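What follows is a short report on a single structure.
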2 protein chains.
Amino acid sequence: MIKKSLDTSILLGIYEAATKLVSKNVEFVEKAGLSNQQWIILIYLAKDPNLPYLIREKHEKPMMASELANALGVTRANITNLINVLLEKKLIKQVEDADDRRIKRLMMTPKAEKLIKTMQPNRLKSNKEHLVGLTIKEKKEFLSYLQRITKNIMDS
Amino acid sequence: MIKKSLDTSILLGIYEAATKLVSKNVEFVEKAGLSNQQWIILIYLAKDPNLPYLIREKHEKPMMASELANALGVTRANITNLINVLLEKKLIKQVEDADDRRIKRLMMTPKAEKLIKTMQPNRLKSNKEHLVGLTIKEKKEFLSYLQRITKNIMDS
DNA sequence: TTTAATAGTTAATTTGATTAACTAATTTAG
DNA sequence: CTAAATTAGTTAATCAAATTAACTATTAAA
């Protein structure tokens with residue numbers, strides 16, 4: 001009934017890859033006592049230069065909750081909850097902005113920096129395995145296509 | 001602190017693309033009164049030939065709950081819940097397997113077939129927009145890379 | 001200087017998911 | 001051939017992630 005379509009195959013393919021990826025990542029993420037979302041927030045605060053969002057727009061000042069909500073595509077209320085958990089775990093701290101007193105800037109604690117540092121080798125090893133067999137040229141080409149597709153999705 | 005890495009950029013890129021994709025899809029999915037997961041289950045039952053899982057392994061008989069659980073990477077208990085909702089909505093029915101009385105085969109109702117048919121034009125239009133600007137050759141190349149990466153992730 | 005908009009929080013709720021324990025049916029291994 | 005193990009599915013309790021709506025405080029705009 002539903003016909004074969006290259007477009008649809010690609011998009012369902014991206015969805016499946018992401019799903020499998022998250023369940024693989026869980027292995028080293030929950031070994032660190034984190035949920036996937038908590039982990040994502042931490043790498044945002046660590047300013048991981050591989051994050052598409054940070055590639056697209058540079059951030060000088062530490063991020064605030066509403067930027068995070070926007071980047072992750074969720075509500076501010078949701079971010080508040082996630083932040084509370086990370087605060088309890090003493091992995092982040094909030095610093096009031098001097099210029100705008102509505103804003104609280106989010107920063108990692110030394111504990112979080114240390115945690116990320118210890119996770120990084122496993123993370124890189126895992127990521128490398130996921131791309132084994134592709135040449136640098138192929139990877140660059142793939143990333144370039146992916147960025148074009150992502151831009152399309154966001155602009156639509 | 002975290003270094004730039006082509007591998008990591010690709011994997012975070014896939015994750016972001018999938019996230020944005022789901023939020024875009026929600027537009028036509030929830031117009032049909034479905035959640036994302038309910039929608040995914042329906043296209044499995046509709047045997048959408050674009051689903052990577054169905055591309056990898058052919059299914060003659062209608063799917064059963066545990067196959068679905070395996071395909072989506074969730075627990076059987078979760079599938080039971082999702083199925084109950086779809087049963088209430090009269091979008092699927094369960095048929096007892098003649099050979100193995102533990103098994104209940106899942107099938108779409110005519111109502112679901114009709115629903116999917118009405119959704120299909122919007123879905124295709126949306127999918128097409130997400131891949132605008134890429135040639136057929138580029139799309140095929142991208143899909144081929146994506147399948148290699150997905151296989152890596154699953155095998156690791 | 002009112003009015004709008006923005007940042008963040010709170011409370012109530014929903015959805016999606018999990019684990020653990022269970023029944024029933026089928027397979028496997030001694 | 002039967003006892004033990006596995007598989008399919010369900011149930012109940014619970015958790016995590018997310019939402020909406022209403023709220024305070026602050027800043028920006030008309």
Side-chain angles (χ1 to χ4, degrees), chain A residues 15 18-20 22-23 25-27 29-30 32-42 44-45 59 61-89 92-107, chain B residues 15 18-20 22-23 25-27 29-30 32-42 44-45 59 61-89 92-107:
Chain A
Y15 177 74
T19 306
K20 307 266 184 221
V22 170
S23 23
N25 279 358
V26 159
E27 288 170 17
V29 168
E30 77 182 14
L34 299 171
S35 73
N36 183 61
Q37 287 293 76
Q38 290 163 14
W39 161 243
I40 298 287
I41 290 180
L42 283 188
Y44 268 90
L45 300 189
H59 272 266
K61 292 187 187 173
M63 287 185 91
M64 55 195 198
S66 56
E67 286 172 335
L68 219 37
N70 183 54
L72 304 192
V74 297
T75 58
R76 279 171 300 146
N78 185 8
I79 295 291
T80 297
N81 290 333
L82 292 165
I83 282 176
N84 283 337
V85 178
L86 290 170
L87 283 172
E88 267 173 44
K89 292 184 180 178
I92 65 174
K93 53 174 185 272
Q94 287 174 315
V95 178
E96 284 164 33
D97 190 285
D99 299 339
D100 186 337
R101 292 172 51 209
R102 291 171 301 182
I103 297 173
K104 297 176 182 173
R105 304 271 165 198
L106 301 167
M107 354 214 349
Chain B
Y15 178 73
T19 305
K20 307 267 183 219
V22 170
S23 22
N25 279 359
V26 159
E27 288 170 17
V29 168
E30 76 181 16
L34 300 171
S35 72
N36 182 62
Q37 286 295 76
Q38 291 163 13
W39 161 244
I40 298 285
I41 289 180
L42 284 188
Y44 268 90
L45 300 190
H59 272 264
K61 291 189 188 171
M63 287 186 90
M64 54 195 201
S66 55
E67 286 172 334
L68 219 37
N70 183 53
L72 303 193
V74 297
T75 59
R76 279 173 299 145
N78 184 9
I79 295 291
T80 298
N81 291 332
L82 291 165
I83 283 175
N84 283 337
V85 178
L86 290 170
L87 284 171
E88 268 172 43
K89 293 185 180 176
I92 64 174
K93 54 175 186 270
Q94 288 175 313
V95 178
E96 283 165 31
D97 190 286
D99 299 339
D100 186 337
R101 292 172 51 212
R102 291 171 301 182
I103 296 173
K104 296 176 181 173
R105 303 271 167 201
L106 300 167
M107 351 212 352

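Since this is a predicted model, take the numbers as computed values, not measurements. Note on naming: letters A, B, ... go to the chains in the order of the sequence lines (proteins, then strands), and numbering restarts at 1 for each one.
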Applying side-chain contact (heavy atoms from CB on, under 4.5 Å) to A:Ile41 and A:Leu72, what does each step give before you reach the verdict?
CA-CA 9 Å; A:Ile41 290 180; A:Leu72 304 192; 4.0 Å; yes

In whole angstroms, the gap separating C1' of C:dT6 from CD of A:Glu67 amounts to 12 Å

Nearest-Å distance for atom pair CD1/C1', residues A:Ile40 and D:dA18:
16 Å

Between C:dA7 (P) and A:Ile79 (CD1): distance, integer Å:
13 Å

Report the nucleotide, chosen from D:dG9, D:dA21, C:dG8, that has the shortest atom-to-atom distance to any side-chain atom of A:Ser66.
C:dG8

Nucleotide paired to D:dA12 in any strand shown, Watson-Crick or G-U, under 3.5 Å
C:dT19

For C:dT18 and B:Asn78 - does any side-chain N or O of the residue sit under 4.0 Å from the phosphate oxygens OP1/OP2?
yes

Apply side-chain contact (heavy atoms from CB on, under 4.5 Å) to residues A:Tyr15 and B:Ile40 and explain how you reach the verdict.
CA-CA 11 Å; A:Tyr15 177 74; B:Ile40 298 285; 3.7 Å; yes

Could you check how far CD of A:Glu96 sits from P of C:dG8, rounded to whole Å?
11 Å

Anti or syn - D:dA25, cut at 90° from 0
anti

Using heavy atoms and a sub-4.0 Å distance, could you list which residues of residues 98-107 of chain B are near DNA chain C? By number, please.
B:Asp99, B:Asp100, B:Arg101, B:Arg102

Pairing nucleotide - D:dT27, Watson-Crick or G-U, each distance under 3.5 Å
none

From CG (B:Asn81) to CD (B:Gln37), nearest 0.5 Å:
12.0 Å

Using OP1 and OP2 only, check whether a side-chain N or O of A:Thr75 sits under 4.0 Å from D:dT19.
yes

With respect to the side chain of A:Gln38, which nucleotide from D:dA17, C:dG16, D:dT19 is positioned closest?
D:dA17

Under a 3.5 Å distance rule, please check whether A:Lys89 uses its side chain to pair with a backbone N or O of A:Gly33 as donor and acceptor.
yes

Among A:Leu106, A:Ile92, A:Leu45, side-chain contact (heavy atoms from CB on, under 4.5 Å) partner for A:Leu86
A:Ile92

Can you check whether B:Gln37 has a side-chain N or O nearer than 4.0 Å to OP1 or OP2 of D:dA18?
no

So do B:Ile83 and B:Gln94 actually touch side chain to side chain, heavy atoms under 4.5 Å?
yes

Could you give the distance from CG (A:Leu87) to CG (A:Leu82), rounded to the nearest 0.5 Å?
11.0 Å

Verdict with supporting geometry, B:Met64 and B:Asp97, side-chain contact (heavy atoms from CB on, under 4.5 Å):
CA-CA 9 Å; B:Met64 54 195 201; B:Asp97 190 286; over 6 Å; no

Between P of D:dA16 and CD1 of A:Ile83, the distance in whole Å
18 Å

Rounded distance in Å - CG (A:Asn84) to C1' (D:dA17)
14 Å

Specify the separation, in whole Å, of atom CG of B:Leu68 and atom P of D:dG9.
10 Å

Closest listed nucleotide, where the reference is the side chain of B:Asn81 and the choices are C:dT18, C:dA7, D:dT20
C:dT18

So, is A:Ser35 near the phosphate of D:dA17, with a side-chain N or O under 4.0 Å from OP1 or OP2?
yes

Nearest-nucleotide 5' precedence on DNA chain D, A:Ala77 against B:Arg76:
B:Arg76

Separation of C:dT18 P from A:Glu30 CD (nearest whole Å):
11 Å

